[in-house]
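Here the structure is laid out as structure tokens; the discussion comes afterwards.
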Number of protein chains: 2
Amino acid sequence: MNRRKTKSKRDVLEALKSKGSAMSHEMLEAVVEDYNRATIYRILNRFREEGIVHRIVGVNGKQYFAICTNCEKENHNHNHIHFQCNTCEKVECLNEELQINLPKGYVLEGFNGLVSGLCSNCS
Amino acid sequence: MNRRKTKSKRDVLEALKSKGSAMSHEMLEAVVEDYNRATIYRILNRFREEGIVHRIVGVNGKQYFAICTNCEKENHNHNHIHFQCNTCEKVECLNEELQINLPKGYVLEGFNGLVSGLCSNCS
DNA sequence: TTGTTATTGCGATAATGTTGCAATAATACA
DNA sequence: TGTATTATTGCAACATTATCGCAATAACAA
Ligand SMILES: [Mn+2]
Ligand SMILES: [Mn+2]
Ligand SMILES: [Zn+2]
Ligand SMILES: [Zn+2]
């Protein structure tokens with residue numbers, strides 16, 4: 001399964017990089033040129049498999065995708081909290097790492113921590 | 001806007017109480033008698049307004065509702081983390097309270113912290 | 001018992017995300 | 001450079017979750 005470089009992938013990656021904060025499908029659609037809905041989702045999920053981006057689930061239940069920073073190959077640290085603005089919908093990574101203690105017998109596999117409120121632009 | 005006591009409300013509340021952990025619409029539908037989808041959602045959102053239940057958004061983007069415990073009227077503490085099992089889909093409240101520091105200019109309004117993994121039954 | 005209106009059921013609708021399949025195009029290789 | 005392979009795309013259909021308008025129903029106050 002060899003990967004191929006395509007314009008759509010470049011466009012999506014470029015959009016995510018230049019935006020800085022996390023983006024939903026909807027946000028991406030507004031920025032990149034007109035690709036099919038399925039194509040964009042497939043690209044995002046592919047990126048996620050490859051460890052290029054990580055996913056945040058918003059309070060609205062929507063998926064947001066953000067470029068991985070501070071992540072090494074094979075060693076991702078996504079235990080940071082995210083912030084979602086209730087007004088402008090922006091989703092960003094906070095630096096806050098946090099430590100989680102689970103009860104006995106529980107196995108941690110993922111973390112999705114989301115603080116919602118007003119960002120500095122909207123407060 | 002006076003509230004009225006109905007069988008559907010009693011049933012939903014009873015289901016949530018006896019289950020102990022958070023429930024999705026789907027889970028509720030399987031337990032209570034046959035009410036319309038919209039009715040159940042309206043009841044849940046009503047309960048939320050009244051501060052009887054709180055809502056957790058799962059990693060799957062679905063809504064889960066749990067009875068409020070440790071909450072006083074007008075003073076809810078929902079800054080606790082929740083745990084969702086990737087196998088049996090169960091969602092429960094963890095005792096872990098956590099402290100969140102936001103950057104300057106940010107206003108906190110809500111928190112949805114979700115750890116996913118395997119519960120003690122499924123691990 | 002009766003009137004008011006909160007609540008419900010029904011149907012339609014919106015939004016998000018995935019999938020199967022045939023067409024297209026990126027890439028390896030002759 | 002030309003050709004074959006197959007990863008990727010577009011399209012349409014589908015699944016799921018959740019909300020909403022409206023008319024019918026039923027809780028409850030008087
Ligand atoms: Mn990462
Ligand atoms: Mn509460
Ligand atoms: Zn904002
Ligand atoms: Zn489990």
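Letters A, B, ... are given to chains in the order of the sequence lines, protein chains preceding strands, and every chain is numbered from 1.
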In whole angstroms, how far is the [atom2] atom of [N] from the [atom1] atom of [X]?
{"X": "A:Arg55", "N": "C:dG17", "atom1": "CZ", "atom2": "P", "result": "9 Å"}
{"X": "B:Glu49", "N": "C:dA6", "atom1": "CD", "atom2": "P", "result": "13 Å"}
{"X": "A:Asn45", "N": "D:dT9", "atom1": "CG", "atom2": "C1'", "result": "15 Å"}
{"X": "A:Met27", "N": "C:dT16", "atom1": "CE", "atom2": "P", "result": "11 Å"}
{"X": "B:Ile43", "N": "D:dT19", "atom1": "CD1", "atom2": "P", "result": "13 Å"}
{"X": "A:Tyr35", "N": "C:dT24", "atom1": "OH", "atom2": "P", "result": "17 Å"}
{"X": "B:Tyr41", "N": "D:dG21", "atom1": "OH", "atom2": "P", "result": "18 Å"}
{"X": "B:Phe65", "N": "D:dT17", "atom1": "CZ", "atom2": "P", "result": "13 Å"}

Which heavy atom of [X] sits nearest a heavy atom of [Y], and at what distance?
{"X": "B:Val91", "Y": "B:His82", "result": "CG1-CB, 4.4 Å"}
{"X": "B:Gly58", "Y": "B:Leu114", "result": "CA-CD2, 3.5 Å"}
{"X": "B:Val57", "Y": "A:Val59", "result": "CG2-O, 3.4 Å"}
{"X": "A:Lys104", "Y": "B:Ser120", "result": "O-CB, 4.1 Å"}
{"X": "B:Cys85", "Y": "B:Leu118", "result": "SG-CA, 4.0 Å"}

Exercise for the section: May I ask you to test the B:Lys9-B:Leu13 pair for a side-chain heavy-atom distance under 4.5 Å? Expected result: no

Exercise for the section: Taking the side chain as every heavy atom from C-beta outward, state whether A:Val12 and A:Phe65 have any atom pair closer than 4.5 Å. Expected result: no

Exercise for the section: Output the single nucleotide from D:dT8, D:dG10, C:dT7 whose closest atom is nearest the side chain of A:Arg46. Expected result: D:dT8

Completion exercise
Per-nt protein contacts along nucleotides 24-30 of chain D (heavy atom under 4.0 Å; B base, S backbone sugar-phosphate only, - none) come out as --BBS--

Handout entry: Under 4.0 Å protein heavy-atom contact, by nucleotide of nucleotides 10-15 of chain C - B base, S sugar-phosphate only
Key = B-----

Problem - the helix from C:dT1-D:dA30 to C:dA30-D:dT1: angle between end helix axes, five pairs per end, rounded to 10 degrees - result: 30°

Practice task
Identify whether the distance between the nearest side-chain nitrogen and carboxylate oxygen of B:Glu49 and B:Arg46 falls below 4.0 Å.
Solution key: yes

Problem - Joint cluster assignment, B:Ile52 & B:Ile40, ILVMFWY side-chain distance < 4.5 Å - result: yes

Exercise for the section: Look up atom NZ in A:Lys17 and atom OG1 in A:Thr69, then write down how far apart they are to the nearest 0.5 Å. Expected result: 12.0 Å

Exercise for the section: Could you check A:Gln63 against B:Thr39 and say which one's nearest nucleotide on DNA chain C is further toward the 5' end? Expected result: B:Thr39

Exercise for the section: Please find out if less than 6.0 Å separates the ring center of B:Tyr106 from that of A:Phe83. Expected result: yes

Problem - Residue whose closest nucleotide on DNA chain D lies nearer the 5' end, A:Ile40 versus B:Ser24 - result: A:Ile40

